[in-house]
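It should be emphasised that the depicted structure is a prediction, and the values quoted were computed from it without experimental measurement.
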Amino acid sequence: MGDFAIARAWRGRRLSRVPVVTLMPHSRCNCRCVMCDIWKANRNGSSLDPATVDRLVADLQSLGVRWVVLSGGEALLHPNLWALCAALKTLPLKITLLSSGLLLERHAAAIVTWCDEVIVSLDGPEATHNRIRGIKDAYASLAAGVDALRQQRASYPVAGRCVVQRGNFLDLPATVDAAKALGLDSISFLGADLSSTAFNRPQGWEGPRVEDVGLDADQCDALDAILGALAANHAGDFASRFIQESPARLSRIVAHYRAALGLAPPPPVRCNAPWISTVVEANGTVRPCFFHEPIGTLGSDGTLPEILNGPAARAFRAGLDMHSDPTCRRCVCSLKL
């Protein structure tokens, strides 16, 4: 067997352990963000049902899952989220809740009981955040929610995540200040996904939507300068990792937008998500990551281990070359464990 055949066989191997699983318990969202179309399908929303959850717990145990990320949509809209979390917590795993922050105050006690940490979306200082979320009092609700969590447990970990885009890139320093004002433990940044079919965009975006969210050439230059100033003026925040990424890592955001304009090659990809994680959507759809096409559906195509080790999934992993695959080359995030 030649080196290439050996590599393909290794890449297409069966997965006996999958440390990370992202679950989307609920498909609806309570924001109307400019960079995401999930909310446009709210009328047709779905939730993971109790029977699926019961089967899924056994699947997670067999796969040795140690970290479950609750994403969405907005997971806090799931009608039986805490029963789901209680079932998950029969296993020795960590639960991270990703949230818009609008419902944190209402559910603070249950969140602290069942989730190990929360990561909230933060789009900028108050006016910017409200505008991008499409919700008048989104920032105030987020602030009240973080306060409520800390009243439950003063040391409860709450971090922020910001999608850098046309509507907020000028506000990056103010976003760091806002994260501090909210009492967050840290803030991370990533670029906006402009090209995939994720986030309820089955046909992808046409040019006008890309222009609404992406940066033009002059804005890329401006963001480059802003990031340089951020590195100089917030050296302590980088050193303490209040800002999670390094300055070099943040520069990938500019590279991402320049690549989308055809002005530069995409930044190099370092990711092993399809081999160490998977995504399960509210309707049971299973994906190797957020951005690639589905590899099966829970129930109709078997259990989660059966889907991850089925012919479609193994062929996908065996044939995936991240350095040439267009989805990977345009990806705004990566998971490397």
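In terms of heavy-atom proximity, F169 sits nearest to A222 at CE1-CB, 3.9 Å. Taking each heavy atom of Q165 and V213 in turn, the nearest pair found is CB-O, 3.5 Å. Contact detail for L298 and T52: the closest heavy-atom pair is CD1-CG2, 4.0 Å. Considering every non-hydrogen atom in both Q219 and R166, the closest pair reads OE1-CZ, 3.4 Å. Shortest non-hydrogen contact noted between T22 and S71 is CG2-CB, 3.7 Å. Residues P25 and L23 approach most closely at CD-O, 3.2 Å, considering heavy atoms.
The backbone N or O of V112 sits less than 3.5 Å from a side-chain atom of R153, completing a donor-acceptor pair. Remark: side-chain polar atoms of H256 are not paired, donor with acceptor, to backbone N or O of D193 under 3.5 angstrom. A donor-acceptor distance shorter than 3.5 angstrom exists from the side chain of H129 to the backbone of D123, with no hydrogens or angles considered. Judged by distance alone, the side chain of R329 and the main-chain N or O of S324 form no donor-acceptor pair under 3.5 Å. Between the side chain of N168 and the backbone N or O of V163 there is at least one donor-acceptor pair closer than 3.5 Å. E281 contributes no side-chain N or O that, together with a main-chain N or O of N283, makes up a donor-acceptor pair within less than 3.5 Å. A distance-only check finds a donor-acceptor pair linking the side chain of N130 to the backbone of K136 [under 3.5 Å]. In this structure, R55 contributes its side chain and L304 its backbone to no donor-acceptor pair below 3.5 Å. Looking at D137, its side chain never comes within 3.5 Å of a backbone N or O of A140 through a donor-acceptor pair.
In this structure the side chain of L263 never reaches within 4.5 angstrom of the side chain of Y257, judged on heavy atoms.
Both L170 and I243 belong to a common hydrophobic cluster when Ile, Leu, Val, Met, Phe, Trp and Tyr are linked at side-chain heavy-atom distances under 4.5 angstrom. Hydrophobic cluster membership is shared by L91 and L70, with clusters built from Ile, Leu, Val, Met, Phe, Trp and Tyr side chains linked at under 4.5 angstrom.
The aromatic rings of H292 and F316 sit perpendicular, their planes meeting at an angle over 60°, well past the 30° parallel limit.
With rounding to the nearest 0.5 angstrom, the CG atom of L88 is 10.0 Å from the CH2 atom of W114.
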The test is salt bridge (Lys or Arg N to Asp or Glu O under 4.0 Å); show your working for R258 and D221 and say whether it passes. CA-CA 9 Å; R258 285 186 173 138; D221 292 342; 2.8 Å; yes
Walk me through whether S186 and R241 qualify under side-chain contact (heavy atoms from CB on, under 4.5 Å). CA-CA 7 Å; S186 63; R241 297 207 64 194; over 6 Å; no
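Under the side chain to side chain contact (heavy atoms under 4.5 Å, CB included) rule, L63 has a single partner from V21, T303, L15, V18, which is V18.
Among residues two or more places apart in sequence or in another chain, the salt bridge (charged side-chain N to carboxylate O under 4.0 Å, His left out) test is passed with R150 by D185.
Within 6.0 Å of CD in Q244 there are more than 12 heavy atoms belonging to other residues, nucleotides or ligands.
Listed by first then second residue, pairs satisfying salt bridge (charged side-chain N to carboxylate O under 4.0 Å, His left out) with a partner in residues 81-96 read K89-D116, K94-E117, not counting sequence neighbours.
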